[in-house]
There are 2 protein chains.
Amino acid sequence: MGKPERPATISDVASLAGVSVGTASKALNGRGSMRPDTRRRVQEAAQRLSFHANAAARTLNTGRTYTVGMITTDSIGRFSIPVMLGAEDSLGAGQMSVFLCDGRDDPIREQYYLKTLLSRNVDGIIVTGRRTQARPPIAAALPVPVVYAFISSTDPEDCSVVPDEAGGARKAIEHLLATGRRRIAHITGPEHHHSAQVRATGAADTLAEAGLTLVAPPMFGEWSELWGRQAAGMLLAMGHDVDAVFCGSDQIARGVASTLGVAGRRIPEDLALIGFDNWDVMALACQPPLTSLDMDLEGLGRAAADLLLDAINGRPSPGRHTRPCRLVVRESTAIVVSQPSTAPGPLIASARPE
Amino acid sequence: MGKPERPATISDVASLAGVSVGTASKALNGRGSMRPDTRRRVQEAAQRLSFHANAAARTLNTGRTYTVGMITTDSIGRFSIPVMLGAEDSLGAGQMSVFLCDGRDDPIREQYYLKTLLSRNVDGIIVTGRRTQARPPIAAALPVPVVYAFISSTDPEDCSVVPDEAGGARKAIEHLLATGRRRIAHITGPEHHHSAQVRATGAADTLAEAGLTLVAPPMFGEWSELWGRQAAGMLLAMGHDVDAVFCGSDQIARGVASTLGVAGRRIPEDLALIGFDNWDVMALACQPPLTSLDMDLEGLGRAAADLLLDAINGRPSPGRHTRPCRLVVRESTAIVVSQPSTAPGPLIASARPE
DNA sequence: ATGAAAGCGCTAACAG
DNA sequence: CTGTTAGCGCTTTCAT
């Protein structure tokens, strides 16, 4: 437990270099002009003493802390985590440290965190959450910029960065159409869930533009494999002549795949299957591996962080910023090149990542 | 963007209350003695101005920041996240804010974060990671206390909090034995992986104490469903008369379940199946729902945070602290009460959580 | 019981 | 080009 000695201060550096603290400060911050030799001497002294400016002291007179707060609306979930990591990465590169605040769906807790962050003089705040549903602004007016990531603010003037889920659904349908499917079903999450709505609407609109409709109304349920299994069973029971199922999530798609497998329907030969979220552990373990839409959450987090940095530096970008989803093609929607039946395995026309 | 006016300082409060800043400070921090009326007046004034002490200023002369850093060794993963959330929760309750630092398996990056945290004068540091394997200390000597959570330090004097994985494996085997299984196989992750080793050893030791052995040597592979499927296929092919499979992870167990299902082996009637990690999304979606071992990662994070707070307050607890795993029983190891064959569904003797 | 004053470590004016 | 000086907002002696 050998506690190292008290950290060096700037005046230690100054005296070691034989200059005044003012000079030392300028030397270290590259400000003002001075004899190159002097600057070098100061820097060497700092090096020797492994001097690191005391952040509190610096903050006290610049007002800047080089910290930002990251608050989750609801708990931290599978979606918010990549967003946060992306943001942390981008901010870290910009020399900023990130305070982690888990709101846990509790508005009181959220406001407490907000107060804490403000008294710590964060330079900015990122608000995120595990759902894309818009939420009321975290506060009416704040002395620092705020960016909403993944989740958005109900105030259209607030800066939000969100995935284009409707566009993702569009890509899913276009991909199915392009690979020759026409009789498409949609199985998704709860009807009141924003993502379920947006994705279903996107799918329906895209089909309509092609002069088609879903073979049945969207099947709303839960975001679970169990629901996927049940819904697939219902779909089979309804006797529709389906050649593709677009699912609102990878978990649902896995459930669908397992029911279809048990029922003897082959994927992708008999039916194409496509999920949403590109959750690797689900999409890759699915049999066969699942085509899905990736919202690029980490990129989204990075983008949010970059917008926040810009705002902190006086270049705000108010409004809603949308980012495209990316189609990741795997076997479940592959175009089967040849034989109808017991080929040694489907011949695949498209590849998988990673 | 109506920036609110400059935040109130303690001298605003003091003058509104008609006292000096010194008095105001003492009043607000409950220090020294003073007329109750005076204290009340100051507090009201602070309230009115919604005064929040400037953290930087306070830090500058107390030296304490009421912040801690949380560094991940490797990237942030499925295991480190609950640990971090638990820690954040406990620290937040203790008025401490948490800096999030994602080391991403890069020692340079890790040391950079360490430097940053120290120059921010954090009161303490939590080191975590996604594997339980011990790692070298993050630094030889540090001016603040460090607690390792989930991961541990190779220096036995360092304070680490880790799950008792061997004990978890023991519980798994004891549960299987208690429910009448005797011919047990073990399928797990990579041989060089610490968790795989410890769990396999724990299982073997427990069996040995009962005068039994595994039906075959532990099958080491990957932490994936695919491996679970393959290994189960191999196990069937070997023709062993197995009545239970203990898997090193829930993912592996799911893979095993699916191969067994395809092969017509019923779970739990013909074979009991048990996983590890109690990853809800896997364990619950498994058919049937999977008995598993829960490492209580959030509790572990909380415990680590509490130990860190104690250390910060001068009561360190050096050494390795172990926390038990909890057996979560679901259908995959249920005792089948009755009929051998096509019952309407297994009658279950034990329950599931949540 | 209260007020005055001296810093905490640093930056940024301003002099020289 | 360099040194001196005045704070940033707060806590903490030390007088009164």
Side-chain angles (χ1 to χ4, degrees), chain A residues 5-46 49-67 95 115-116 118-123 143, chain B residues 5-43 45-46 49-67 95 116 118-123 143:
Chain A
E5 72 292 354
R6 176 185 60 73
T9 73
I10 200 173
S11 50
D12 296 333
V13 174
S15 58
L16 178 57
V19 298
S20 72
V21 294
T23 304
S25 172
K26 285 193 299 197
L28 294 169
N29 295 296
R31 249 181 279 278
S33 58
M34 73 203 311
R35 211 158 359 129
D37 168 60
T38 309
R39 169 156 289 149
R40 204 183 34 68
R41 258 182 21 250
V42 172
Q43 287 169 334
E44 277 175 12
L49 301 172
S50 58
F51 166 78
H52 257 284
N54 177 314
R58 174 175 284 165
T59 292
L60 198 52
N61 46 36
T62 61
R64 281 204 59 177
T65 55
Y66 296 90
T67 61
Q95 307 279 321
K115 282 232 185 319
T116 304
L118 293 177
S119 84
R120 289 193 186 279
N121 292 305
V122 292
D123 294 337
Chain B
E5 72 291 355
R6 177 185 60 74
T9 73
I10 200 173
S11 52
D12 298 333
V13 173
S15 59
L16 177 57
V19 297
S20 72
V21 295
T23 304
S25 173
K26 287 193 297 195
L28 294 170
N29 294 297
R31 250 183 279 277
S33 61
M34 74 201 313
R35 219 171 337 146
D37 169 61
T38 309
R39 171 156 288 149
R40 205 184 33 69
R41 261 186 13 254
V42 173
Q43 287 170 336
L49 301 173
S50 57
F51 166 79
H52 256 284
N54 177 314
R58 174 173 283 167
T59 292
L60 198 52
N61 44 38
T62 62
R64 283 205 55 178
T65 54
Y66 296 90
T67 60
Q95 309 278 321
T116 306
L118 292 178
S119 85
R120 289 194 187 278
N121 291 304
V122 293
D123 295 337

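In what follows, every chain begins at residue 1, and chains take the letters A, B, ... in the order their sequences are listed. In this text the structure is predicted, and so the values were computed from the model without any measurement. Values reported hereafter were calculated over all heavy atoms of this structure, with side chains retained and with hydrogens, waters and symmetry mates removed.
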Separation of C/dG9 atom P from A/D12 atom CG, nearest Å, is 9 Å
(message) Can you measure B/R58 atom CZ to C/dG7 atom C1' for me and round it to whole angstrom units?
(response)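 Value for this atom pair: 17 Å.
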Taking for each residue the nucleotide of DNA chain C bearing the nearest heavy atom, is the 5' side occupied by B/A57 or by B/T38?
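Comparing both residues, the 5'-ward one is B/T38.
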Nearest-nucleotide check on DNA chain C, B/G18 vs B/L60; residue mapping nearer the 5' end is B/G18
- Message: Quick check against the 3.5 Å criterion: does A/S25 have a side-chain atom that pairs as donor or acceptor with the backbone of A/V21?
- Response: no
Query raised in the report: First and last nucleotide of DNA chain D touching chain B, 5' to 3', heavy-atom cut-off 4.0 Å?
Result: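 Using the under 4.0 Å cut-off, the span is D/dG9 to D/dT12.
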Indicate the atoms forming the closest heavy-atom contact of [X] with [Y], along with that distance.
X: A/T65; Y: B/R120; result: O-NH1, 3.0 Å
X: B/T67; Y: B/N121; result: OG1-O, 4.4 Å
X: A/D37; Y: A/R40; result: OD1-NH2, 2.8 Å
X: B/H52; Y: A/S119; result: CB-CB, 3.7 Å
X: A/F51; Y: A/L28; result: CE2-CD1, 3.6 Å
X: A/D12; Y: A/P7; result: OD2-O, 4.4 Å

Given that A/R35 and B/N54 both sit by DNA chain D, which one's nearest nucleotide is further toward the 5' end?
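That would be A/R35.
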Review point. When all nucleic acid strands are considered with a 4.0 Å heavy-atom cut-off, which category describes A/S33: base, sugar-phosphate, or nothing?
Key: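 The residue A/S33 makes base contact.
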| message | Holding to side chain to side chain donor-acceptor pair (under 3.5 Å), I want the full list of residues that pass it with A/R39, two or more places apart in sequence or in another chain. | response |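 A/R39: no side chain to side chain donor-acceptor pair (under 3.5 Å) contacts found.
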Detail all sub-3.5 Å separations between protein N/O atoms and N/O atoms belonging to nucleotides 12-16 of chain C.
unit_1	atom_1	unit_2	atom_2	d
C/dA12	OP2	A/R31	NE	3.1

